[in-house]
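See structure below.
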Amino acid sequence: MHLARFLHSNVRISTPFRSVAFRRLSSTTTMASLQLHNSLQPGGPVPFVPKEDGKIDWYVCGPTVYDKSHLGHARNYVTSDVIRRILMHHFGYKVNYVMNMTDIDDKIILKARRQRLLEVEKKKTYTPEELKKLALDAFQQYAEKSLPLLVQDGVQLTEANYKEKRDAAYGRVLTGGTITGEGKPSDAEAKVKMHVANMDAAAEAISAGAIFPGSDEVLLPYLDSLYKETVDTSDQTMFTDLTKAMELLFLQDMDNLNVLRPTIITRVTEYVPQIVKFVERIVEKGFAYEADGSVYFDIVAFERAGNTYARLRPDSKNDKSLQDEGEGALSTNLGGKRSPGDFAIWKKSKSGEPYWPSPWGEGRPGWHIECSVMASDIFGEQMDIHSGGIDLAFPHHDNELAQSEAYYCDAAKGEHTWVKYFLHTGHLHIAGSKMSKSLKNFLTIQDALDTTFTARSMRIVFLLGKWFDGIEISPDMIAQAASWESTVSNLFTNTKSWLAESGLQSGVASLSLDASNTDSVLLKELEQAKQDVNAALCNSFDTPRAMQVILKLVNVTNSYLKDNKDANLAEVEAIARWITKLVGIFGLDANATAPYDGLGWASTLGADVDTKVAVEPYASMMKRVQQDVTNLKIENDVLASLASKDPVAEFEEIEKGGSRDIEQLSLPYLRVIAQLRDELRRIVSTQAPDVKKAILGLTDRIRDYDFTNLGVYLDDRPDNQPSLIKFVPAAELIAARDEKAAREAEKVKRKEEARLAQEKAAAEAREKAKVPPEEMFKADERYAEWDEQGMPTKMKDGSDVPKSQLKSLKKLWDKQKRAHEDLKAKGGL
C-alpha cells in the first residue's frame with residue numbers, strides 16, 4: 001500500500017445550505033420483486049413468497065464440530081450471512097435464523113475415540129524395538145487402506161523402502177498430475193497427497209526413533225482397529241469435551257468474520273428423545289423399518305405412496321459412494337436393508353460408540369434425521385428457506401426432505417412441501433480440489449485471518465462471486481478485492497476530510513441536498529446506481545453486479561471531481577452515505593450497526609470506553625507539538641495563538657451531542673496540530689538556516705510519526721491551502737512509511753555502492769597510470785623483444801608481431817602515455 005493511493009485533491013467543493021432537509025433519493029426496493037435460485041426448481045430464479053408476509057423461517061446446516069473451521073466454512077456461512085443481512089436490511093424481512101451444531105456423528109466418534117486410545121497408548125511402557133514394531137504395523141495397515149499402490153508387490157513396507165515405493169507409485173500425483181494421467185487434479189489427488197503427507201511424517205519419525213507425535217496420524221486408525229471395543233462410551237465426556245471446544249472455536253471464528261449469531265442454535269445431543277419419537281412416527285406410517293436394532297428409511301414405500309425421492313439431485317439417487325458417505329464411516333455395509341438406497345435414521349450402537357435408549361435398543365441418531373427433527377421442532381411442518389453447502393444436497397438434504405415429508409405427508413392432501421426454497425452455496429476450491437476437513441487441505445479461518453485476509457477482504461472476495469457458484473481462491477481475486485476496498489475507502493476518507501475542512505462533522509447527514517436538481521450529474525448517477533443495485537439484489541442476490549455498480553459510481557464521482565473544481569459537497573456526501581449503507585448491509589463493517597446511516601467505515605467507541613480517555617493520545621500529541629513550536633522561538637502571531645489554543649470546549653460540545661465517533665472527537669486536537677504545521681510550512685522559506693532545518697524536521701515528524709502512529713494522514717496541498725486530515729488505519733500508514741524508508745535506504749545503499757565502485761575504479765586507474773608506457777608490455781609473456789618505446793617486435797616463438805596486432809597495441813600504448821603524463825602533471829608520481 002502506497003501513500004500515493006490517497007487522492008491529493010485540489011477540488012474546491014461548494015457547501016450550499018438549503019432549506020430542504022437532507023433526504024434519501026427514491027428507492028425502488030420491494031419485497032415482491034425478489035427472486036431466488038431455488039435448488040428445488042432448477043433453472044433461473046423464481047419469485048420469493050414466504051409463508052408469512054414480512055417474516056422468514058430459515059434453517060441452515062451448521063458445522064460438524066470436530067475440528068477447526070476452514071475457509072470452506074467461511075465461504076458457506078459468510079455467504080449465508082450476506083443473504084440474511086440483505087433480506088433484513090435491504091428488503092426489510094424479519095428473519096428467524098436457526099443453525100444446528102452436529103455434536104455427535106461418525107466423524108466425531110472416530111476422532112474422540114481415537115484420541116482417547118492414543119492418549120492411553122502413549123502412557124504404556126514399550127522398549128524401543130516394541131515401539132518401532134507398533135509404528136511399522138500401523139504404517140503397513142495405513143498404506144493398505146489408504147495408499148494401496150505402495151503394497152501391491154507384496155513386499156513389507158518399511159521406513160527404508162518407503163520413499164522409493166512412494167515415488168514409483170504416486171510420483172505423478174505428487175508432481176501435479178492425476179492418478180490416471182488424464183484430466184486435472186481434483187479431490188482424489190488431494191486425498192492421495194493428504195495420505196502421503198501422513199506417511200511421510202511417520203516414516204521420518206520411525207527413522208529418527210521418535211515415534212510420537214510424527215506417527216500419530218497412522219497410529220490413530222490402527223489403534224482404533226485394535227482397541228475400539230474396549231472404550232467405555234457410557235462416559236460421553238470424551239465426545240462432548242471435543243464438540244464443546246470446537247463449537248466455541250467455530251463461534252469465535254464467525255464473530256471474527258462479522259457473521260451474525262443465529263437466532264437459535266440447536267444441538268443433536270439435546271434432541272435425542274424428540275428424534276426417537278420422530279423415527280417412531282415414520283415407522284408407524286410405514287415409511288421406515290427396523291432391522292437388527294437399526295431403523296432404515298424405506299425409499300420404495302415412500303415413492304409408492306406418491307412421493308418423490310432425491311428431489312434435489314435425482315441423478316445421484318443410485319450413487320453408492322455418496323450413499324456410503326451419507327451413512328458414515330462407522331455405518332457402511334450394514335445388513336438388513338431392503339434396498340441399497342435405504343438409509344439409517346436410527347443406528348444400533350456398536351461397542352465403542354455412544355448410545356441412548358430407544359424402542360429398538362441402545363443406539364444413536366442417523367446423520368440426516370437430526371436436521372429434520374430440530375427444524376420441525378422450531379418451524380413446524382414447513383420452513384421458508386433451508387441452506388447449506390452444495391456438497392450436502394445429496395444425500396443429506398435429499399434424505400432430510402424425504403424423511404420430513406414422510407413424517408408430515410397426508411395421502412388425502414398429496415405430496416407435502418417441507419422446504420419452500422433450498423439455497424446451496426458453491427464450493428471454495430484451492431488448486432482444483434474442494435476444501436474440506438477430511439482432505440486436510442484446508443486453511444483454517446484463524447490462519448487465514450492471520451496471514452492472508454482481513455474479515456473485510458475475505459468477505460469482499462466472496463461478494464465478488466455469485467453465492468451459488470464455486471469460487472477458486474487466486475492471487476488475482478485477492479488483488480481485485482483489495483483494489484475494490486481501496487477505491488471505496490478513498491472515497492470515504494476524502495469525503496470525511498472535506499466535511500471536516502468545512503467544519504461539518506455531524507453524526508448524521510450534515511448538509512442539505514437539493515434532490516430536485518435534475519441537472520446534477522452526480523445525483524443522476526446516484527439514482528441510477530440505486531436502481532441498478534436493487535435490481536441486482538432482486539435477481540437472487542447478485543452481489544457481483546452490485547459490487548460493480550458501487551465501484552463504477554465511485555470512479556464516476558472521482559472523475560467528475562477531477563474535472564469540476566466547484567462540485568457540490570452535499571451530493572458527494574449523499575453518494576458516500578449511500579455506499580456506506582450498502583457496505584453495512586453486506587457486513588463489510590464490523591463496527592457499524594443497522595440502519596447504517598453513518599459515513600464511511602465506522603469508528604465508534606465501545607460502550608465501556610471513556611471518551612476523554614480515548615482522545616488523550618491526540619490531546620497529548622497536540623500539547624507536545626505546541627511546546628515544540630514554542631521552543632522554536634519564532635515571532636509569529638498565528639503560531640503564538642495556535643500554540644496556546646485549548647480545544648477542549650469544542651471536544652466537549654461534540655461529546656455532549658452524543659457522538660462516540662473517535663474521528664469526530666479527536667478532530668479538534670488534530671486540527672490545531674495541522675494548522676500549526678501548515679503555518680510552519682508557510683513561513684519556513686523566510687527563516688534562518690538553523691531555524692529552517694528545525695522546522696523541516698518538526699513538520700516531517702508530525703506527518704510521518706506523530707500523525708501516522710495514530711492513524712492520521714495529512715494530505716499536503718499547494719497554494720497555501722490547508723492540509724486535509726484523513727483517517728486511515730495506522731497499520732496501513734506505518735507500512736507505507738516503512739516501505740518508503742526501505743526504498744530510501746535502498747537508494748542510499750545503491751548510491752554508496754556506486755560511489756565506492758567509482759573510487760575503486762579510480763584507484764585502479766591511478767595504479768595502472770603509474771606504469772610508464774615503455775614498460776607496459778614487457779611483463780607480457782607473449783612477447784620476446786621490444787623497441788626503444790617498449791612496443792613489442794617479436795613474439796615468444798621468434799616470429800614478428802603481426803601488423804594487425806601492432807596497430808591495436810599502439811592505441812593502448814598511446815592511451816597509457818596520456819594517462820601516465822596526466823598523472824605526472826597532477827603530482828601523482
Side-chain angles (χ1 to χ4, degrees), residues 39 56-69 72-81 83-84 95-109 236 239-240 242-255 259-279 312 326 328 343-347 354 356 364-404 407 418-419 421-425 437:
S39 298
I56 295 174
D57 286 339
W58 182 347
Y59 181 87
V60 58
C61 281
T64 301
V65 282
Y66 73 101
D67 208 338
K68 292 181 179 179
S69 301
H73 293 103
R75 159 65 169 163
N76 185 19
Y77 297 115
V78 169
T79 298
S80 296
D81 183 68
I83 295 174
R84 179 185 178 189
V95 180
N96 188 16
Y97 189 84
V98 177
M99 177 184 288
N100 79 301
M101 297 287 176
T102 299
D103 61 350
I104 197 69
D105 84 335
D106 289 25
K107 293 175 181 177
I108 292 169
I109 294 169
Q236 295 184 358
F239 308 110
T240 56
L242 170 65
T243 57
K244 286 177 181 178
M246 291 301 108
E247 178 182 326
L248 179 60
L249 287 178
F250 169 78
L251 292 174
Q252 289 174 344
D253 283 338
M254 293 301 103
D255 289 346
V259 171
L260 297 172
R261 287 284 180 106
T263 313
I264 299 173
I265 292 176
T266 61
R267 298 171 185 84
V268 182
T269 54
E270 298 170 358
Y271 268 83
V272 175
Q274 294 94 317
I275 289 173
V276 170
K277 290 181 180 179
F278 201 94
V279 172
L312 293 168
F343 56 91
I345 55 179
W346 182 263
K347 299 179 180 181
W356 287 264
R364 57 191 176 89
W367 175 30
H368 319 296
I369 199 70
E370 63 187 59
C371 292
S372 293
V373 175
M374 292 185 287
S376 296
D377 180 66
I378 295 168
F379 298 136
E381 64 181 29
Q382 188 177 71
M383 71 188 81
D384 296 303
I385 296 175
H386 192 331
S387 68
I390 188 62
D391 55 321
L392 296 180
F394 185 89
H396 183 54
H397 288 158
D398 268 323
N399 289 354
E400 273 188 56
L401 285 171
Q403 63 202 12
S404 302
Y407 181 90
W418 185 56
V419 176
Y421 301 89
F422 238 120
L423 310 185
H424 286 106
T425 56
K437 290 178 184 175

(request) Tell me yes or no: between the side chains of D377 and Y271, is some donor less than 3.5 Å from an acceptor? (result) yes

(message) Using every non-hydrogen atom in the two residues, find where S376 and W418 come nearest and quote the distance to one decimal.
(response) OG-NE1, 3.3 Å

(request) Looking only at non-hydrogen atoms, find the nearest pair between N76 and G389 and report the distance. (result) ND2-N, 3.7 Å

(request) Would you give the length of the straight line joining atom OG of S80 to atom CG of L260, rounded to the nearest 0.5 angstrom? (result) 11.5 Å

(message) I'd like to check I104 versus P354 (side-chain heavy atoms, cut-off strictly below 4.5 Å). Are they in contact?
(response) yes

(request) Kindly say whether T240 contributes a backbone atom to a donor-acceptor pair with the side chain of T243 at under 3.5 angstrom? (result) yes

(request) Taking the side chain as every heavy atom from C-beta outward, state whether M374 and I378 have any pair of such atoms under 4.5 Å apart. (result) no

(request) Could you check if a side-chain atom of P63 sits within less than 4.5 angstrom of a side-chain atom of M99, using non-hydrogen atoms only? (result) yes

(request) Check Y59 against A375 and note the closest heavy-atom contact, atom names and distance. (result) CD1-CB, 3.6 Å

(request) Ignoring hydrogens and angles, tell me if any N or O in the side chain of D57 forms a donor-acceptor pair with the backbone of D384 under 3.5 Å. (result) no

(message) What verdict does the side-chain contact (heavy atoms from CB on, under 4.5 Å) test give for M101 and F250, after you've listed the backbone C-alpha separation in whole Å, the side-chain angles of each residue and the deciding distance to 0.1 Å?
(response) CA-CA 10 Å; M101 297 287 176; F250 169 78; 3.6 Å; yes

(request) State, with a plain yes or no, whether a side-chain heavy atom of T64 is found less than 4.5 Å away from one of I108. (result) yes

(request) Could you check if a side-chain atom of F278 sits within less than 4.5 angstrom of a side-chain atom of I345, using non-hydrogen atoms only? (result) no

(message) Under 4.0 Å between a side-chain nitrogen and a carboxylate oxygen: does that hold for K68 and D253?
(response) no

(message) Working to the nearest 0.5 angstrom, can you tell me the gap between I385 CD1 and Y421 OH?
(response) 8.5 Å

(message) Suppose we screen for ring-ring contact (aromatic ring centres under 6.0 Å, His included). Which residues come up paired with Y97, at least two apart in sequence or across chains?
(response) W58

(message) Any non-hydrogen side-chain atom of F343 less than 4.5 Å from a side-chain atom of P395?
(response) no

(message) Would you compute the distance between atom SG of C371 and atom CG of N399 and round it to the nearest 0.5 angstrom?
(response) 11.0 Å

(message) Show the nearest heavy-atom pair for residues D255 and V259, with the distance to one decimal.
(response) OD1-O, 4.4 Å

(message) Please give me the minimum heavy-atom distance between P262 and I265, naming the atom from each residue.
(response) CG-CG1, 3.8 Å

(request) Would you give the length of the straight line joining atom NZ of K244 to atom OG1 of T269, rounded to the nearest 0.5 angstrom? (result) 8.0 Å

(message) Would you say the ring centers of H396 and F394 fall short of 6.0 Å from each other?
(response) no

(message) With heavy-atom distances below 4.5 Å as the criterion, would you say the side chains of L401 and L312 are in contact?
(response) yes

(request) Step by step, work out the side-chain contact (heavy atoms from CB on, under 4.5 Å) result for F422 and H424. (result) CA-CA 7 Å; F422 238 120; H424 286 106; 3.6 Å; yes

(request) Please report the shortest heavy-atom distance between C61 and Y77, naming the atom on each side. (result) O-OH, 2.9 Å

(message) Ignoring hydrogens and geometry beyond distance, is a side-chain donor-acceptor pair present between H397 and H368 at under 3.5 Å?
(response) no

(message) Do the side chains of K347 and D106 get close enough for a salt bridge, i.e. N-O under 4.0 angstrom?
(response) yes

(message) With rounding to the nearest 0.5 angstrom, report the CD1 to CG distance, I56 to N96.
(response) 10.5 Å

(message) Closer than 4.0 angstrom, basic N to acidic O: yes or no for E270 and R267?
(response) yes

(message) Checking the side chain of D103 only, and the main-chain atoms of V268 only, is there a donor and an acceptor separated by less than 3.5 Å?
(response) yes

(message) Can you list everything that forms a side-chain hydrogen bond (donor to acceptor under 3.5 Å, both in side chains) with R84? Sequence neighbours excluded, please.
(response) none

(message) Measuring from atom OH of Y407 to atom CD1 of I369, what distance do you get when rounded to the nearest 0.5 angstrom?
(response) 10.0 Å

(request) Please list, chain by chain and in numerical order, all residues satisfying side-chain hydrogen bond (donor to acceptor under 3.5 Å, both in side chains) with E370, sequence neighbours excluded. (result) N100, T102

(message) Contact between W356 and V276 at the side-chain level, heavy atoms closer than 4.5 Å - yes or no?
(response) no

(message) Pairing donors with acceptors under 3.5 angstrom, does anything connect the side chains of S372 and E400?
(response) no

